[in-house]
Amino acid sequence: MHADRPVFLRVRGVGRRYAGVTALAGIDADVRGGEVLAIVGENGAGKSTLLKILSGVVQPSEGSLYVADDAGGLQPVLLDGVRDATKAGIALVHQELNLAENLDVAGSIFLGREPSRFGLLDRGRMRADARKWLARVGLEIDPGTLCGTLPIAQRQLVEIAKALSTESRVLILDEPTSSLTTRETERLLEIIDDLRRAGVAVVFVSHHLDEVMRIADRVIVLRDGRKTGELARGEYDRATVERLMVGRDIAASTRRGVGAEAPVRLELSGLVSAHRRQVPVSFAVRAGEIVGLAGLVGAGRTEVLEAIAGVAPHLGSVRLDGRELEDGAPARVRRGVAIVPEDRARNGLFLEDSVGVNMSLAWIDRTSRSRLVDSRGEPGLVDRMIARMQLRPPQPSRRVQTLSGGNQQKSVIGRWLAVDPAVLLLDEPTRGVDVGARAEIHAEVRRLAAAGSAVVFASSELEEVLLLADRIIVMHDGAVAGEIAAHEATEVAIMRLATGGAVQGLRA
């Protein structure tokens with residue numbers, strides 16, 4: 001422990017209850033300058049609640065916070081809102097992005113802190129200052145670009161630039177790399193190193209334990225709202241952290257096999273997305289097969305999934321069980337094509353509605369008669385899916401927006417698993433999901449495939465692609481660069497194809 005480093009933020013006995021349910025209890029922690037403190041735990045362990053308390057979004061039900069004054073002494077503080085936290089030198093970058101999409105990048109970075117000259121907004125200075133902070137995170141875009149037009153990875157970097165622009169002493173990063181490419185992640189970790197050397201205290205939350213192993217000076221592990229361990233560098237390894245997180249060892253997955261005699265369920269022929277009128281994409285997926293789409297951000301993986309689902313217009317043929325699929329998402333959903341989008345908050349969930357409403361949406365259309373909802377059957381189905389997906393807390397009436405990111409993802413996936421789709425399309429299926437929940441989601445996907453569904457998923461995590469896929473299709477610049485059987489695949493071979501190289505002996 002670096003006891004000689006100054007404490008900027010102290011947490012003592014902090015807890016939080018929601019409607020009598022304990023989300024967090026008895027948390028002690030010191031956040032020190034010039035140090036990276038990682039907070040890890042399963043989804044629902046209390047990480048998001050703790051971060052919200054530290055950043056003033058919610059107040060603790062019990063316990064106290066202390067912030068360092070200019071002389072280095074610690075003073076008790078009540079953070080009644082984000083503004084109070086900002087004044088105290090604390091900034092939070094949320095996992096779920098919340099940029100003002102109708103504003104340009106500069107306006108979003110300095111929202112509420114706009115520079116002025118003679119009482120008027122100084123747009124020139126604001127854009128110049130924004131360009132400086134964007135460069136700090138390696139993002140070369142025009143500060144006048146509308147936030148709503150940016151891809152998710154760039155929006156994540158803009159959020160981080162916005163937090164850095166407040167020049168806070170405590171920077172809290174909640175899953176900051178969840179939407180970043182390998183190169184962007186490397187750049188962010190370099191930025192964190194720079195901030196640490198400059199004396200900034202960084203609170204780092206990530207489900208990517210390899211990042212935690214690399215960057216953290218200390219690790220605090222949460223489980224079921226309580227601290228199960230606090231370890232300094234040299235005292236922890238991946239297996240120890242995983243065991244503290246889930247209370248058990250993570251079992252290794254078993255490789256499945258799909259025989260050549262299995263019938264083809266999904267077949268793409270000459271598919272060209274409206275977003276990428278370039279090289280046609282063709283491939284087939286057999287019943288029971290899990291196909292992973294690998295490639296760098298912008299390679300065209302999302303466009304392929306959206307075209308199959310009918311979410312985006314396309315040219316070419318998409319067949320299910322030998323029959324051409326009609327255009328449009330509603331028609332394809334009725335045929336059994338389901339998609340879990342990359343950005344669950346924007347495109348996958350009704351955040352203001354309950355878990356029950358969100359999980360039963362696909363089921364209602366298949367069971368309603370005379371346009372009436374089967375109100376008797378719905379609660380039973382929701383309860384079964386909550387248990388099957390191991391949602392925490394298991395409350396059907398709870399609003400989805402109050403769940404952790406991983407439990408929100410389970411809600412989206414559970415919605416479609418409830419109706420046993422013929423084709424399940426998953427775009428970044430475990431983005432922002434911890435190791436325990438990832439294993440649970442993978443197990444459910446394998447069970448669905450074992451029942452005869454065809455599964456296609458896109459993931460930026462090569463570890464996940466190698467872990468889950470039976471066959472890997474690598475994309476580069478909108479085209480299929482090659483296919484690799486899972487038992488033959490390596491990270492090097494995938495990355496070589498993803499960056500436009502060739503791998504001898506592979507099918508291209």
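When reading the values below, keep in mind they use all heavy atoms of this one structure, side chains included, and skip hydrogens, waters and symmetry mates.
The backbone N or O of Ala481 sits nowhere less than 3.5 Å from a side-chain atom of His476 that would complete a donor-acceptor pair. With hydrogens and angles disregarded, a donor-acceptor distance shorter than 3.5 Å links the side chain of Asp84 to the backbone of Asp80. Here the side chain of Ser459 pairs no donor or acceptor atom with the backbone of Glu428 at under 3.5 angstrom. A donor-acceptor pair under 3.5 Å is absent between the side-chain atoms of Glu159 and the main chain of Leu157, judged by distance alone. Ser108 contributes no side-chain N or O that, together with a main-chain N or O of Val105, makes up a donor-acceptor pair within less than 3.5 Å. A donor-acceptor pair under 3.5 Å links the side-chain atoms of Asp28 to the main chain of Gly13, judged by distance alone.
Remark: Arg238 pairs with Glu242, Glu463 by the salt bridge (Lys or Arg N to Asp or Glu O under 4.0 Å) rule, at least two apart or across chains.
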Validation: residues 133-151 side-chain donor-acceptor distances under 3.5 Å, sequence neighbours left out:
unit_1	atom_1	unit_2	atom_2	d
Asp142	OD1	Gly144	N	2.9
Thr145	OG1	Asp142	O	2.8
Thr149	OG1	Leu146	O	2.7

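Heavy atoms of other residues, nucleotides or ligands lying less than 6.0 angstrom from CZ of Arg83 number 12 at most. Enclosure of atom CG in Asp224 is not indicated, since only 12 or fewer non-hydrogen atoms of other residues, nucleotides or ligands lie within 6.0 angstrom. Environment of CZ in Arg117: sparse, with no more than 12 heavy atoms of neighbouring residues, nucleotides or ligands closer than 6.0 Å. The 12-atom threshold is not exceeded at CZ of Arg123, counting heavy atoms of other residues, nucleotides or ligands nearer than 6.0 Å.
Side-chain atoms of Arg301 and Ser460 include a donor-acceptor pair closer than 3.5 Å. No side-chain donor from either of Thr430 and Gln409 sits under 3.5 Å from a side-chain acceptor of the other. Judged purely by distance below 3.5 Å, without hydrogens or angles, the side chains of Arg113 and Thr86 never pair a donor atom with an acceptor atom. Between the side chains of Asp122 and Ser116, no donor-acceptor pair is found at a separation under 3.5 Å.
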* Evaluation steps, side chain to side chain contact (heavy atoms under 4.5 Å, CB included), between Arg16 and Leu50 -> CA-CA 8 Å; Arg16 174 72 188 187; Leu50 178 58; over 6 Å; no
* To do: Check step by step if side chain to side chain contact (heavy atoms under 4.5 Å, CB included) holds for Leu164 and Leu171.
  => CA-CA 8 Å; Leu164 292 175; Leu171 178 63; 3.6 Å; yes
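Within the cation-pi definition used here (under 6.0 Å to the ring centroid, within 45° of the axis), Arg10 does not qualify as a partner of Tyr66. Note that Arg233 lies outside the cation-pi zone of Tyr236, set by a 6.0 Å cut-off to the ring centre and a 45° limit from the axis.
Applying the salt bridge (Lys or Arg N to Asp or Glu O under 4.0 Å) test to every pair with at least one member in residues 60-78, sequence neighbours left out, gives these pairs: Arg17-Glu62.
When all heavy atoms of Asp383 and Pro396 are compared, the pair lying nearest together is OD1-CG, 3.5 Å. Residues Ile27 and Lys227 come closest through the heavy atom pair CD1-N, 3.7 Å. Across all non-hydrogen atoms, the minimal contact from Leu74 to Ala68 is CD2-N, 3.7 Å.
A salt bridge does not link Arg438 with Glu464: every distance from a Lys NZ or Arg NE/NH1/NH2 to an Asp or Glu carboxylate oxygen is 4.0 Å or more. Note on Glu211 versus Arg214: no salt bridge recorded, every NZ/NE/NH1/NH2 to OD/OE distance being 4.0 Å or above. A salt bridge links Asp193 with Arg196: the distance from a Lys NZ or Arg NE/NH1/NH2 to an Asp or Glu carboxylate oxygen falls below 4.0 Å.
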